[in-house]
Amino acid sequence: MSKSMDDITSLAKRRGFVFQDSDIYGGQQGFWDYGPLGTLLKRNVRDAWWRDAVSEHNELIAPAGAPEAFQMVGVETAIIMHPRVWKSSGHYDLFHDFMADCKGCKARFRTDQVAVCAAVTAGGEVAAAEAFMPTDETPNLSKTKQKRLDKKTGEGGEVIRTDLQAFTKRFPDAPLPNCPTCGGDLTEPREFNLMFKTTLGALGGEDDAAFLRPETAQGMFVNYKNVLDSSRVKLPFGICQVGKSFRNEITPRNFTFRSREFEQMEIEFFCRPDASDQWYQYWRDRRFRWYTDHGISESNLILREHHQEELAHYSVGTADIEYKFPFLAEGEYGELEGVAHRGDFDLRSHSEGKLVNRDGKLEVELGEDGKPKHPGSGKSLDYFDAETKEKFVPHVIEPSAGADRATLAFLCEAYEVDEAPDEKGKMQSRTVLRFHPKIAPVKAAVFPLVKKDGMPEKAAEIYGALKRAGLEVAYDQQGAVGRRYRRQDEIGTPVCVTVDGETLENGTVTVRDRDTLEQSRIPANEVTAFVQDKIG
RNA sequence: GCGGGUGUAGCUCAGCUGGUAGAGCGUCAGCUUCCCAAGCUGAAUGUCGCCGGUUCGAAUCCGGUCACCCGCUCCA
């Protein structure tokens, strides 16, 4: 059955799951607000993750499939970090591009990816420049172009090869080359900052620029030593965090899938380098299972190992957990979580400085002056193994999940239109969210079958008892009971409890199952236990 | 960013060639109802996305803008 994203979006708004951000002002692209039910749903997703990663983890026993027992601790770090964090981590360089648009063909180019050949005269003036597509590392000029440039270079001049970014930096006043594809005019290179810039201090100027974090991970790396020194953890252990991150996505689209403000659920798992491959496999499989354990069908989920050429330059292996979102084309999947084997890249970066891959080895990137381009903290982030007396930089496995994406996937997965009989036994279509009870925003609804004969009072009692047990419950006495069941189906409430005439005689109520529509009678005083058991 | 489409009540949508807005569902109140939406009665709700222009008059025409959808581009 194919699900319509429009229908899901419409339900999300109609029942208060997700609203467009700043809706009454016309909306903000790339930002979304969660309504009452969406807030409960997302909180359940976060809680389920946190319980799995932190609270329910038993560090005394190795879980099935794990190489050994391990510890898990949580942190909550600031959204704004020292600007040097992003320079060392590589985000500053990577997220910070200069782009030029072609006024003719409307193509947009990253200026560091456009090759330029320029004729420079003996006096250091640019006489002419030609731009090339980034495909060739060393562009070969056509003979005519070569001649043209040679001619303009003049006595004592030379033809230099560079890229557009370096070119404009070195010759700020030189005329720009034309578009490498169509020959049209290019705009001046404009700064594209994929990180959100902000300013510290009320009088802050450019020197006080800071960034909203584009990922929560760096908060964990930067606190790795603090955690080690303060919480008696030993390798292997994980640091977990749930929090907001911000990226200036160029094309926010597909409902909440690609938002500019989003929430991450990340684990940075530190281990011995010689065991890191095993841990990578362990986390990859365990995180995949978390989604299926919470109601995502295995047929809609894939674990996709990145190809070698797809890997970031420091990564030994990365696998995406991807979901078959309804807004994607047949056969396409959208990323929910990336599980990356990051080696010692992050800790070394924050110790030594920004690293680059040179012939397969990570080295500190040097600036033009021969010093580290973006120096690290200078603090040793080595781990001392007291048993083996070894000192080393741990390797990191990073399962990085999107809370909003997971929430969206659970919503899409749960959405279904099926058929249920009406009072005459005729089949009618029914909209139902088949949430796993653990993440369903409302766990149970309580109805008086009719609003008289003391039924509302009895129902209110049961409702109160469920609330006191800390459960999210709904009460509804409006209209026909069948309609009330449908209302709850539409928001995915797993259990409906109905007080009827028999309740007043023998103290039993009916409990009705969202998925099977089956009813059974249980004593009213067992309702709370019944619902809790259902949630598991 | 480009091209195309859309934007009217909470939701889905109708409003033809300009004359100051409607349906269904939902919601709310009441009745009915001892178990699965479309029984009955009644009610509320729209600056027709926003700004500007043309016109005596614009939801309807024009321009701009914002948002959403589709395709391309991008996705660290």
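Convention: sequence-line order gives letters A, B, ...; per-chain numbering from 1. The analysis underlying the following values was restricted to heavy atoms, covering all of them including side chains, and did not include hydrogens, waters or symmetry mates.
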Visitor: Can you check the A:Ile8 CD1 to B:rC69 C1' distance for me, whole Å?
Guide: 15 Å

Visitor: Are side-chain N/O atoms of A:Thr508 and A:Asn506 paired as donor and acceptor at under 3.5 Å?
Guide: yes

Visitor: Once you measure the plane-to-plane angle for A:Phe325 and A:Tyr323, does it fall in the parallel (<30°), tilted (30-60°) or perpendicular (>60°) bin?
Guide: perpendicular

Visitor: Taking ring pair (Phe, Tyr, Trp, His ring centres under 6.0 Å) as the definition, give me every residue that meets it alongside A:Tyr291, ordered by chain and number, with sequence neighbours left out.
Guide: none

Visitor: Not counting sequence neighbours, list each pair that qualifies as a salt bridge (charged side-chain N to carboxylate O under 4.0 Å, His left out) and has a residue in residues 16-35 of chain A.
Guide: A:Lys13-A:Asp23

Visitor: What is the per-nucleotide protein-contact pattern of nucleotides 23-30 of chain B, from the 5' end, where B denotes a base atom under 4.0 Å from a protein heavy atom, S denotes such proximity for sugar-phosphate atoms only, and - denotes neither?
Guide: ---SSSS-

Visitor: Record whether the side chain of A:Tyr485 comes under 3.5 Å of the base of B:rC35 through a donor-acceptor pair of N or O atoms.
Guide: yes

Visitor: Reading RNA chain B 5' to 3', what string of ( ), [ ], | and . shows its pairs, if Watson-Crick and G-U wobble pairs count only when both distances fall under 3.5 Å?
Guide: (((((((..((((.....[..)))).(((((.......))))).....(((((..]....))))))))))))....

Visitor: Heavy atoms within less than 4.0 Å of RNA chain B: which residues of residues 508-520 of chain A have one? Give them sorted by number.
Guide: A:Thr510, A:Arg512, A:Leu517, A:Gln519

Visitor: Listed by chain and number, what are the salt bridge (Lys or Arg N to Asp or Glu O under 4.0 Å) partners of A:Glu457, not counting sequence neighbours?
Guide: none

Visitor: Under the ring pair (Phe, Tyr, Trp, His ring centres under 6.0 Å) test, which residues partner A:Phe221, sequence neighbours left out?
Guide: none

Visitor: Are OP1 or OP2 of B:rC66 and a side-chain N or O of A:Gln28 less than 4.0 angstrom apart?
Guide: no

Visitor: Quick check: on RNA chain B, is the nucleotide nearest A:Leu504 upstream (toward 5') of the one nearest A:Gly27, or the reverse? Name the residue that is more 5'.
Guide: A:Leu504

Visitor: Could you tell me which residues satisfy salt bridge (Lys or Arg N to Asp or Glu O under 4.0 Å) with A:Glu261, sequence neighbours excluded, listed by chain and number?
Guide: A:Lys244

Visitor: Could you list all N or O pairs between the protein and nucleotides 39-45 of chain B that sit under 3.5 Å apart?
Guide:
none

Visitor: Please produce a list of atom pairs where a protein N or O lies less than 3.5 Å from an N or O of nucleotides 4-7 of chain B.
Guide:
none

Visitor: Less than 3.5 Å apart, any donor N or O on the side chain of A:Asp513 or A:Thr516 sitting next to an acceptor on the other?
Guide: yes

Visitor: Name all residues meeting the salt bridge (Lys or Arg N to Asp or Glu O under 4.0 Å) criterion together with A:Arg15; count only those two or more places apart in sequence or in a different chain, and write none if there are none.
Guide: A:Glu490

Visitor: Where the side chain of A:Arg258 is concerned, which of B:rC68, B:rC75, B:rC36 is the nearest nucleotide?
Guide: B:rC75

Visitor: Give the residues of residues 217-224 of chain A touching RNA chain B, defined as any heavy atom closer than 4.0 Å, sorted by residue number.
Guide: none

Visitor: Looking at A:Lys458 and A:Asp453, does any basic side-chain N land under 4.0 Å from a carboxylate oxygen?
Guide: no

Visitor: Whole angstroms only, please: what is the CG-P distance between A:Asn254 and B:rC74?
Guide: 16 Å

Visitor: Would you state whether a donor and an acceptor, one from the side chain of A:Arg15 and one from the base of B:rG10, lie under 3.5 Å apart?
Guide: no

Visitor: Run the salt-bridge test on A:Asp489 and A:Arg484 with the 4.0 Å N-O cut-off and return the result as yes or no.
Guide: no

Visitor: Would you indicate which nucleotide in B:rC34, B:rC70, B:rA67 comes nearest to any side-chain atom of A:Gln20?
Guide: B:rA67

Visitor: Aromatic rings A:Phe270 and A:Tyr224: how do their planes relate, parallel, tilted or perpendicular, breaks at 30° and 60°?
Guide: tilted

